[in-house]
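Right, one structure below, let's go through it.
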Amino acid sequence: MDVDAEIAALDALSSERLRQRWIVETGNAEPRVSPKLLRLALAWEIQARRLGGHTRETTRTLDQLVRGDTPTTPPAAGMRLVREWGGRVHVVVIDEDQVVRWDGKKWNSLSEVARAITGTRWSGPAFFGLKKKVAA
C-alpha cells in the first residue's frame, strides 16, 4: 500500500483501531489525544517512516526544544565570530569547507580554538555565543 492510501485509510479507523495502529506503528503507548489529533500524528509517523523522516540535525534541534535545552546554531560557512577574552579580541572565521581559522592557523573545531584561548576545556559553540540560553 502506498503512503497516500495508508493515510487515507486512517479516516475509516475507529478510535480504538487508531490507538492500536499507533502502537504497531511506533512501538510506544498511544498518546492521550483526540482521535483527530492521533490521526494526524499517525499520518506524520507513516510518512516519516516510509519517506525518511527528519534529518539528524532537525531531530536534534527538536529534542533540544522539547527538553528545554539551549538551542545551538551550527557554524556556517563565511561566519565570523568575535569574542573578547583576557583583554584581547579574538576573531574566528569559518571557511567554506567548514575549517575554523583563528590566529593565522587552521583548527578542527570551535572547541579547540576556545581551549587555545582560555587554556581550559570549553564548548566552542557556547564560548562563541552560538548556544542560546532558553528563558526560564
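Once rounded to the nearest 0.5 Å, the distance linking CG of L18 with CD of E30 reads 10.5 Å. How far CZ of R83 is from CH2 of W122: 5.5 Å, rounded to the nearest 0.5 Å. Here the CD1-CD distance, from I117 to E84, works out to 10.5 Å after rounding to the nearest 0.5 Å.
Two different hydrophobic clusters hold L130 and V91 under the rule that ILVMFWY side chains link at heavy-atom gaps under 4.5 Å. Connection of L62 to L40 is not established within any shared hydrophobic cluster, with ILVMFWY side chains joined at heavy-atom distances below 4.5 Å, either directly or through further cluster members. The hydrophobic cluster containing V33 also contains I7, counting ILVMFWY residues as joined when their side-chain heavy atoms lie under 4.5 angstrom apart, directly or transitively. By the criterion of side-chain heavy atoms lying less than 4.5 angstrom apart, applied directly or through intervening Ile, Leu, Val, Met, Phe, Trp or Tyr residues, L10 is grouped together with V3 in one hydrophobic cluster.
Ring centers of H90 and W85: at least 6.0 Å apart, outside the cut-off.
In the displayed structure, R80 atom CZ is contacted under 6.0 Å by at most 12 heavy atoms of other residues, nucleotides or ligands.
Not a single donor-acceptor pair under 3.5 Å links the side chain of W102 to the backbone N or O of W107.
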Evaluation steps, salt bridge (Lys or Arg N to Asp or Glu O under 4.0 Å), between R21 and E6: CA-CA 11 Å; R21 178 71 190 267; E6 279 189 79; 2.8 Å; yes
Got a list of side-chain donor-acceptor pairs under 3.5 Å for residues 41-48, not counting sequence neighbours?
unit_1	atom_1	unit_2	atom_2	d
E45	OE1	R49	NH2	3.4
Q47	NE2	A43	O	3.3

Counting only pairs under 3.5 Å, give me each side-chain donor-acceptor contact of residues 93-101, with atom names and distances, residues two or more places apart or in other chains.
unit_1	atom_1	unit_2	atom_2	d
D95	OD1	R101	NE	3.4
D95	OD2	R101	NE	2.3
D95	OD2	R101	NH2	3.2
D97	OD1	V99	N	3.4

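Residues S109 and S111 bring no donor and acceptor atom of their side chains to less than 3.5 Å of each other.
Exactly one of R19, R50, R17 qualifies for a salt bridge (charged side-chain N to carboxylate O under 4.0 Å, His left out) with E25. That residue is R50.
In terms of heavy-atom proximity, D11 sits nearest to R39 at OD1-CD, 3.3 Å.
T120 places none of its side-chain heavy atoms less than 4.5 Å from the side chain of R115. Counting heavy atoms from C-beta outward, V113 and F128 have side chains that approach closer than 4.5 Å. Using a 4.5 Å cut-off on side-chain heavy atoms (C-beta onward), F127 and L110 make no contact.
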